[in-house]
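See below for the structure under consideration.
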Amino acid sequence: MRGTPRTRRIPRPALGVLIGATALFTAGTLATPAGAAPEPGPSTARVHSVPASAQQQARDFWTPERMRSAVPLDLLDADARSRDAAPRAGRPATVAPTAPTAGTADVGPAAFPNGGGAWTGGGAVVNTAGRVFFTYQGRTASCSGNAVTSANKSTVITAGHCVKLEGAWHTDWVFVPGYHDGQAPHGRWTATKTLSTPQWTASEDINYDVGAAVVAPLDGQRLTDVVGGQGLAFNTGYNLRMYAFGFPAAAPYDGQKFIYCSGTTNRDFLLSNDHGMGCDMTGGSSGGPWFTQFNEATGTGLQSSVNSFKYNFLPNRMYGPYFGADAQNLYQAAQSS
């Protein structure tokens, strides 16, 4: 697109040269009950089902060595990105967290705003958030994700490009909540289904870079019974105080630590309708959760976006999609699967 700013977004460029801030892929060896948010409209999520044999293969494939050795995926270039109209609006709706609040770390308040640093506050978020691992075009890669309150107790929210990219659904998809230093303290949860918005699935529209996964039970237990689930918020506007989390793996990070950013967001005035926040997280943080009404003491909040992209001329600013009607439909489709 001549005459327009070029962007960088991960893992695949949006409207220009994308740099992996958040698709932020990495490659290596490779309070209302769930369902209370009303269904906003007819647009439905796109679903990819995973056979049982592939689920077991994925669980076996992701050894501690493979997870620990993940490195940033090469950044991809694109001449242009599809952009649709602003995300469809709906009525404001929230889903309450179901994460336990006991056992939080006894620490002082975290810095706000913060452009990127290790999260030392403890709380539920260190268990509900985690790394996502998968195979992409024959290469092993990683993103970030988060467990949320859901009717099936098995729903993970991430970025659209962390489930499908370049027209193909990722394989060997697992979620590792509470990941640290190659360890999976709560196990490796394999996807039975991965989902994304119809706009991302059809044309990888930058405004709808939202994905989800439904994971299989592990050792007879469901995901949020083990790690808890964060809340969600849809159609709640812009210019909000938010906290973003993820596992960036490109320098100066290494993918082994849990990083956060915080600040008052604004609406992107360039090429998308996303939220923007000062944040230096790098590749591997894609799909990590953004929270409104985040409580530092308990580590709980309402997930309202995910790490999605950066402009190459604004390397210290992260963007995340607005959770409107289509993101809400995606959540409803995932939690009812």
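Since this is a predicted model, take the numbers as computed values, not measurements. Numbers here simply count residues along the sequence, with the first being 1.
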Could you check whether any side-chain heavy atom of [X] comes within less than 4.5 Å of a side-chain heavy atom of [Y], counting everything from C-beta outward?
X: Thr94; Y: Leu232; value: no
X: Phe291; Y: Val125; value: yes
X: Gln328; Y: Asn235; value: yes
X: Asp172; Y: Phe133; value: no

Which value, rounded to the nearest 0.5 Å, describes the distance between [X] atom [atom1] and [Y] atom [atom2]?
X: Thr155; Y: Lys193; atom1: OG1; atom2: NZ; value: 10.5 Å
X: Thr201; Y: Trp169; atom1: OG1; atom2: CH2; value: 4.5 Å
X: Met318; Y: Asp274; atom1: CE; atom2: CG; value: 11.5 Å
X: Thr190; Y: Phe134; atom1: OG1; atom2: CZ; value: 15.5 Å
X: Asn239; Y: Thr265; atom1: CG; atom2: OG1; value: 6.0 Å
X: Tyr208; Y: Phe323; atom1: OH; atom2: CZ; value: 13.5 Å

Main chain of [Y], side chain of [X]: is a donor-acceptor contact present, judged purely on distance under 3.5 Å?
X: Gln221; Y: Val226; result: no
X: Asp209; Y: His161; result: yes
X: Ser196; Y: Val210; result: yes
X: Thr192; Y: Val214; result: yes
X: Arg131; Y: His180; result: no
X: Gln303; Y: Ala233; result: no
X: Thr197; Y: Trp200; result: yes
X: Thr158; Y: Ala213; result: no

Short side-chain donor-acceptor distance under 3.5 Å, [Y] and [X]:
X: Ser285; Y: Ser144; result: no
X: Gln335; Y: Tyr331; result: yes
X: Ser203; Y: Asp205; result: no
X: Thr300; Y: Asn295; result: no
X: Asn207; Y: Gln199; result: no
X: Thr128; Y: Gln230; result: yes
X: Asn152; Y: Arg222; result: no

Shared hydrophobic cluster for [X] and [Y] (ILVMFWY, side-chain gaps under 4.5 Å):
X: Phe112; Y: Phe245; answer: yes
X: Tyr238; Y: Met242; answer: no
X: Leu302; Y: Val156; answer: no

Original post:
Once the angle between the rings of Tyr243 and Phe294 is folded into 0 to 90°, is it parallel (under 30°), tilted (30 to 60°) or perpendicular (over 60°)?
Top reply: tilted
Original post:
Using the ring of each side chain (for Trp, its six-membered ring), is Tyr322 parallel, tilted or perpendicular to His275, with breaks at 30° and 60°?
Top reply: tilted
**OP:** Take Tyr311 and Asp268 through the test side-chain hydrogen bond (donor to acceptor under 3.5 Å, both in side chains) and record every step on the way to the result.
**Re:** CA-CA 11 Å; Tyr311 292 106; Asp268 182 19; 2.6 Å; yes
Subject >> Check against salt bridge (Lys or Arg N to Asp or Glu O under 4.0 Å), Asp181 and Lys257 >> reply: CA-CA 7 Å; Asp181 302 304; Lys257 299 295 187 294; 3.1 Å; yes
**OP:** Would you please test Arg267 and Asn273 for side-chain hydrogen bond (donor to acceptor under 3.5 Å, both in side chains) and show each step?
**Re:** CA-CA 6 Å; Arg267 184 173 184 169; Asn273 293 285; 2.9 Å; yes
Original post:
Just wondering, more than 12 heavy atoms not from Lys164 lying within 6.0 Å of its NZ?
Top reply: yes
Subject >> All pairs passing salt bridge (Lys or Arg N to Asp or Glu O under 4.0 Å) where residues 143-161 contributes a residue, at least two apart >> reply: Lys153-Asp225
